[in-house]
Protein chains: 2
Amino acid sequence: MIVDRNSPVPQYFQIQTWLREQIEQGVFRPEEKVPTEEELVKITGLARATIRQAFANLTNMGYLVRKRRLGTFVTLHSHSSQTKNIVGVIVPDIRSGYTPELARGVEDEAAKNKFSTILCNTDDLFVKADFHADRLLENSIGCVVFVPTAAPDEKNRIIIEKFRKRDVPIVLADRLIPNLDIDYVTTDNFEGAYGLTKYLIEKGHTRIGITLSTLFNTERLRLEGYQKALADSNIPYDPTIVALNDGPFNEKYYLQVARTLLASEKKISAIFAGHDRIAYLIYSVAKKMGISIPNDISLIGYDDLHPTIPNSVSLTTMHQPIYEMGQESLKILISRIKGETTTTQQIVLKSHFVERTSVISRKIT
Amino acid sequence: MIVDRNSPVPQYFQIQTWLREQIEQGVFRPEEKVPTEEELVKITGLARATIRQAFANLTNMGYLVRKRRLGTFVTLHSHSSQTKNIVGVIVPDIRSGYTPELARGVEDEAAKNKFSTILCNTDDLFVKADFHADRLLENSIGCVVFVPTAAPDEKNRIIIEKFRKRDVPIVLADRLIPNLDIDYVTTDNFEGAYGLTKYLIEKGHTRIGITLSTLFNTERLRLEGYQKALADSNIPYDPTIVALNDGPFNEKYYLQVARTLLASEKKISAIFAGHDRIAYLIYSVAKKMGISIPNDISLIGYDDLHPTIPNSVSLTTMHQPIYEMGQESLKILISRIKGETTTTQQIVLKSHFVERTSVISRKIT
DNA sequence: CAATTTTCATTGTCTATACAATTGTACGAT
DNA sequence: ATCGTACAATTGTATAGACAATGAAAATTG
């Protein structure tokens, strides 16, 4: 039954809601005809005027178009006013890590295409991402750049689905979600980490500690690159010098790991930090502990963040083209909007090695 | 006669048009009550449902608000294109300085009020600000947080006027424009700089170099605070140890200044850097030159930026509540939109002194 | 005088009915 | 084939009447 005559909610409102849901769920598709007034009168047993009121409201809301003699039809364009030249950028926190660089890359490319950029911070939380997704859809944005949150993949898929249902092009940036046919732009984390590890090995390091978070596929790939490089050089993988965190970035955790790894100085000669922020934390702990980088321990990072203080430390790292990642993401979206692209775009940008002075050669023992 | 029953134009449409004209011509004024349905039934001789249809349309068009038991009223706001729940944030560059913190403050407060945040980078250029202003207005945003560009005041006023003409509330953040009756949120730069200088003087420093840009009133005020503190302690102002830049932040300029100031070590015992980024540059130059901070020269900054590397340097500085500045800006805008505020809001937030270890006491010579 | 209840004007919801206007389709005439 | 005309389906306009819900104001109560 569509309408409950005993419900306190008005009957016209009940059919109205029912119809709207049918349309949103695609039961009645755009351009398609919905039942006529008389048909609905028969189905529901309500008066025609009641049906008309529901129809009038939905017409006003842009869901329906009525044509004399022909019937009532679902509107083609997703009933809210035509999509705007706005791109939503959903990131963990505009204040941290590479996020400002990414946002700027998106914004610059957006401005070139006369798009505005709506910024959304999720703090890596699903609820915040969900909140922003609804808000973005309300504003009938044209497309979305999404950095998945630290929530499980299914949760991130819910967000993605929200946009897809409304035919809003979406591209994932940096972090990926496995087994999903979706546009994305990321960097070659596996190859990058492989190269960095190879570099350390070439410099004579055989006992290389590593610490990162396994929550994000980016960092997991770095771990795999590290493992592959060790294996290719016949160096056994030693879990005792690997510190894996399964949550988002956590300063306390890494401070603790840094202390432990640096204290085991005799056991390891180099540390592979999952990304530069971790590397910087290790720097600060090393300084406190009186351990010299690189003289006592070599260190490499990943990302190549701009340090606030130029030349204060000189971290050997892998430069990720974050700004370009933002640009590329938007280019894909624009071509989607223009309908120029139909195949899935999955772009892996090349990172490049930045050799500074946080690594020294070690005599092979 | 209001309705002509022989006219081919529908009768509901006739009263609808009549009512709309009455409202537009000011016969029925905003907030005022229009005749009730029954009254119009008597006047026109039409059925109540017909009157209702006219009322329903006008309500939908935003001319009327209906209140049970009370009657039907003319709406206050002009039924033009309703503004969106979007705030525009116009900043120099999301990647640099305190901007991410400001943007986050705005965004968080915006999200609380179910507003979305459009981010615009100007690179301190008028043309880019102008471009973004037009784009924002096209998207019929609800309000704007504007950090004026490095362009002359008249240019920034042009931007401001664009928004004012369209009745879009605007608030200036951090940087101000003189002689303008406008809402703003800034911090107590004069008092802050005065306090910092006093602190240096109390520590026994009498020859204090200073370098900053005179382009922004924020930094000019810091210079004035510095001058006042010197004057209050009867220390003469010496232009030879003052390096003023009249353009936006320029790394090369400050690197040069740092070299000069640090080379004149005998002449000065402390440096007041216009903001932390300059201070960090001075750190890096000092390091290269083998000059120790604070042992050879004391240094203070302004802003209290988070260094990428925790504890890498320990800069004594003035903490500006940037996040709060973003929040406050948005609070003002929301209250403007709600019509709760009519007087100009000019908020000066208190900064607080952060004593770290970049300053040492100096024996009074 | 304050708190509570009742009243009632007004809008909101709903039914039932009738005829008008619009326009695709079908049929027939040219 | 093309034109005109009639038909039918569907939405549009309009009337008349009933009861519900709301909430400010009036009346009543403690």
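So you know, we letter chains A, B, ... as the sequences are listed, proteins then strands, and number each from 1.
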D/dG12 phosphate, OP1 or OP2, under 4.0 Å from A/R66 side-chain N/O: yes
Phosphate contact (D/dT11 OP1 or OP2) by A/T72 side-chain N/O below 4.0 Å: yes
Lys NZ or Arg CZ of A/R135 over A/F131 ring: under 6.0 Å, within 45°: yes
B/Q320 versus B/T187, side-chain donor and acceptor atoms under 3.5 Å: yes
Residues B/E37, B/R66; criterion salt bridge (Lys or Arg N to Asp or Glu O under 4.0 Å); working and verdict: CA-CA 11 Å; B/E37 294 179 359; B/R66 319 205 67 194; 2.8 Å; yes
Check: A/N156/A/T149 side-chain N/O donor and acceptor closer than 3.5 Å: yes
5'-most by nearest nucleotide on DNA chain D - A/G71 or A/R52: A/G71
Donor on one side chain, acceptor on other, B/D174 and B/Y98, under 3.5 Å: yes
Options D/dT15, C/dG12, D/dG12, nucleotide nearest the side-chain atoms of B/A47: D/dT15
Using a cut-off of under 3.5 Å, enumerate the N/O to N/O pairs linking the protein to nucleotides 22-25 of chain D.
from: D/dG23; atom 1: N2; to: B/R69; atom 2: NH1; distance (Å): 3.1
from: D/dA24; atom 1: N3; to: B/R69; atom 2: NH1; distance (Å): 3.1

Sub-4.0 Å heavy-atom contacts from residues 9-20 of chain A onto DNA chain D, ordered by number: none
A/D183 versus A/T344, side-chain donor and acceptor atoms under 3.5 Å: no
OP1 or OP2 of C/dT10 under 4.0 Å from side-chain N/O of B/K33: yes
side-chain N/O B/Q53 vs D/dT13 OP1/OP2, d < 4.0 Å: yes
Closest to side chain of B/T36, choosing from C/dT10, C/dA16, D/dT15: C/dT10
Spacing between A/K42 atom NZ and D/dA9 atom P, to the nearest angstrom: 10 Å
Distance, nearest 0.5 Å, that separates OG1 of B/T117 from CZ of B/R104: 10.0 Å
CZ/B/F13: more than 12 non-hydrogen atoms of other groups inside 6.0 Å: no
